[in-house]
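To keep things clear, I will list the structure first and then write my remarks on it.
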Protein chains: 2
Amino acid sequence: MPKVGMEPVRRKALVDAAMRVIGDHGSLTVTMSEIAKQAGVSPALAHHYFGSKEQLLIETVRHHLQRLRDSTVTAMRAAKTPREKLSAVIHVSFHADQFAPETIAAWLAFYAEAQRSEETRRFLVIYARRLRSNLLANLKALCPREDAERIAEGAAAMIDGLYIRQSLRSAPISIEASIALTEDYINSLLAPLSGEAAVQRTDK
Amino acid sequence: MPKVGMEPVRRKALVDAAMRVIGDHGSLTVTMSEIAKQAGVSPALAHHYFGSKEQLLIETVRHHLQRLRDSTVTAMRAAKTPREKLSAVIHVSFHADQFAPETIAAWLAFYAEAQRSEETRRFLVIYARRLRSNLLANLKALCPREDAERIAEGAAAMIDGLYIRQSLRSAPISIEASIALTEDYINSLLAPLSGEAAVQRTDK
DNA sequence: TTTTATTGATTGATCAGTCAATCAAAAATA
DNA sequence: TATTTTTGATTGACTGATCAATCAATAAAA
């Protein structure tokens, strides 16, 4: 059945298969055979296109991080005010796909891998910076730079922390609750800073 | 030089060696040989005492989690007020030992492992619950239960998130900054709740 | 015919786990 | 006290399984 132009199709299939297998397995100690099988090709073909297991793994991270980035860009573009853009970033982070147990398990595995693979680490650093920077840019429109930096750091940490806690699957927090917790954090830290010193809250 | 009563000595040496090797390596794909070498014994002896690699890994998690628990109990006992106890919990979480890159790398590896090993997962769940519960107990003395639950959840997530972000070692956050961020979160969410609805803040 | 896609079979390396043998301390016995 | 027996500690050498990676061969397009 060999037809020309299969390369991009196979690459994508393999990269998706890798994510799925890693997510199910909850670890990077998956075999090329498993990945290839999931993608419906032979292990040899996976090697043919990616050269090595490590390279396939790296491409897998890259591909899925790119996807996340695209979602974020789209969501931010749809939002108008800085405050709405902030919410958009948060929403994308907790979007159903991202927050599925298998996806979280896969990301966790990649974080662990980043301790050893310089290239994997690089991609995850880019993600971490991007998250922080997306938050920061919009926060700066709402409060002084120094405060914005603090809050961005804290919000990014909270998002990542909600992920890792989710990975344990004990007392799982719903998507809505996760979003609420993060929004609440931003609101609470922003409240005393908005406008002048006056505190405008709606106490019952 | 075989002397009687070596068992507990060897077990501890192996469990410590495992933590160190895993931390350096940044992954659980370390060999029994490496661990045994680090502990100064033969691989066969490690098997003799632990039966399997998996069991050694599980004991390693247990042992180090127990250590963390002891630190927390001691620190909380030394603190007097609920608010001070909260700070104590936070401080222990970011204590130098815990926050060292190798330690963080090791914990990350165990979180990944927890996706596959039910027993490892159980221990980490216990840790997660304990952290949340230590926070919650003291928060309940400072605000209504519902709010306390929210804040405990958020603070626990922030602590774990600061860990995972630290693992990437890009733009590392200092111990002090991590503590400040977490304290700041608690203060900010507590502020509008303390006492009656009146907002008592010290705006410049 | 040349190029691209694809695989089955094979290799070489790595490791967890096993086992029989050794060595020295402790306990029992003479 | 001197001698023998038992037991715990320890290892080197080995095995079996697993897996990434290679390669030569095949089959279908171009």
Side-chain angles (χ1 to χ4, degrees), chain A residues 1-22 24-61 106 109-110 112-113 115-120, chain B residues 1-22 24-61 109-110 112-113 116-120:
Chain A
M1 301 118 192
K3 239 198 325 203
V4 141
M6 279 291 100
E7 177 156 356
V9 177
R10 295 304 188 205
R11 291 189 94 98
K12 183 161 185 312
L14 281 162
V15 146
D16 282 337
M19 194 69 174
R20 220 167 319 132
V21 172
I22 291 166
D24 286 345
H25 207 266
S27 151
L28 294 193
T29 63
V30 293
T31 66
M32 286 297 255
S33 302
E34 287 174 277
I35 297 174
K37 191 174 186 181
Q38 173 77 215
V41 298
S42 77
L45 193 67
H47 272 100
H48 173 66
Y49 282 127
F50 290 94
S52 71
K53 183 184 172 185
E54 177 161 20
Q55 200 54 40
L56 167 55
L57 261 27
I58 288 168
E59 298 288 331
T60 303
V61 175
F110 284 124
E113 174 70 4
Q115 303 295 317
R116 299 192 298 144
S117 156
E118 183 55 39
E119 211 159 350
T120 302
Chain B
M1 296 114 198
K3 236 189 341 195
V4 139
M6 280 290 101
E7 177 156 356
V9 177
R10 295 306 187 205
R11 290 189 95 98
K12 182 161 185 312
L14 282 162
V15 147
D16 282 336
M19 194 70 173
R20 220 167 318 132
V21 171
I22 291 166
D24 286 344
H25 207 265
S27 151
L28 293 194
T29 64
V30 293
T31 66
M32 285 297 257
S33 301
E34 286 174 277
I35 297 173
K37 192 175 186 182
Q38 173 77 214
V41 299
S42 77
L45 193 66
H47 273 99
H48 173 65
Y49 283 127
F50 290 94
S52 72
K53 183 183 173 187
E54 177 161 21
Q55 201 53 42
L56 167 54
L57 261 27
I58 288 169
E59 298 287 330
T60 303
V61 175
F110 284 123
E113 174 70 5
R116 299 191 299 141
S117 157
E118 183 54 39
E119 211 159 350
T120 301

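Scope of the values below: all heavy atoms of this structure, side chains included, with no hydrogens, waters or symmetry mates. Since we're looking at a predicted model, the values are computed, not measured.
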Grab the [atom1]-[atom2] distance between [X] and [N] for me, whole Å please.
X: B/L45; N: D/dT11; atom1: CG; atom2: P; result: 6 Å
X: B/L56; N: C/dG17; atom1: CG; atom2: C1'; result: 14 Å
X: A/E7; N: C/dA5; atom1: CD; atom2: P; result: 6 Å

Checklist line | Annotated protein contacts, base or backbone, on nucleotides 18-25 of chain D with a non-hydrogen cut-off under 4.0 Å, one of B, S, - each | finding: -SSBBB--
Note to self: Side chain of B/V41 only, heavy atoms from C-beta on: which candidate in C/dT6, D/dT11, D/dA9 is closest?
What the structure shows: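 The answer is D/dT11.
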Notebook entry, point to check: So, the side chain of A/K53 versus the backbone of A/H47: is there a donor-acceptor pair under 3.5 Å, distance only?
Noted result: no
Check: Is there a residue in residues 10-20 of chain A whose heavy atoms reach under 4.0 Å of DNA chain C, and which residues are they?
Finding: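 Those residues whose heavy atoms fall under 4.0 Å from DNA chain C, taken from residues 10-20 of chain A in numerical order, are A/R10.
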Name every donor-acceptor pair, under 3.5 Å, that has one atom in a side chain of residues 7-15 of chain A and the other anywhere in the protein, sequence neighbours excluded.
| unit_1 | atom_1 | unit_2 | atom_2 | d |
| --- | --- | --- | --- | --- |
| A/E7 | OE2 | A/R11 | NH1 | 2.9 |
| A/R11 | NH1 | A/Y49 | O | 3.2 |
| A/R11 | NH2 | A/Y49 | O | 3.4 |
| A/K12 | NZ | A/D16 | OD2 | 3.0 |

Margin query: Tell me every residue that passes side chain to side chain contact (heavy atoms under 4.5 Å, CB included) with B/E54, counting only those two or more places apart in sequence or in another chain.
Written below: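 Side chain to side chain contact (heavy atoms under 4.5 Å, CB included) check on B/E54 returns B/S52, B/I58, B/S117.
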Next item on the list: Under the side chain to side chain donor-acceptor pair (under 3.5 Å) rule, collect the residues that match up with A/Q38, sequence neighbours excluded.
Entry: A/R20
Check: Can you list every pair that meets side-chain hydrogen bond (donor to acceptor under 3.5 Å, both in side chains) and has a residue in residues 26-36 of chain A, with sequence neighbours left out?
Finding: A/S27-A/T29, A/T31-A/E34
Margin query: Heavy atoms only, 4.0 Å cut-off, all strands: where does B/Y49 land among base, sugar-phosphate and nothing?
Written below: sugar-phosphate
If you look at every heavy atom in [X] and [Y], which pair is closest and at what distance?
X: A/A18; Y: A/T60; answer: CB-OG1, 3.5 Å
X: B/A109; Y: B/I22; answer: CB-CG2, 4.1 Å
X: B/F110; Y: B/L28; answer: CE2-CD2, 3.9 Å

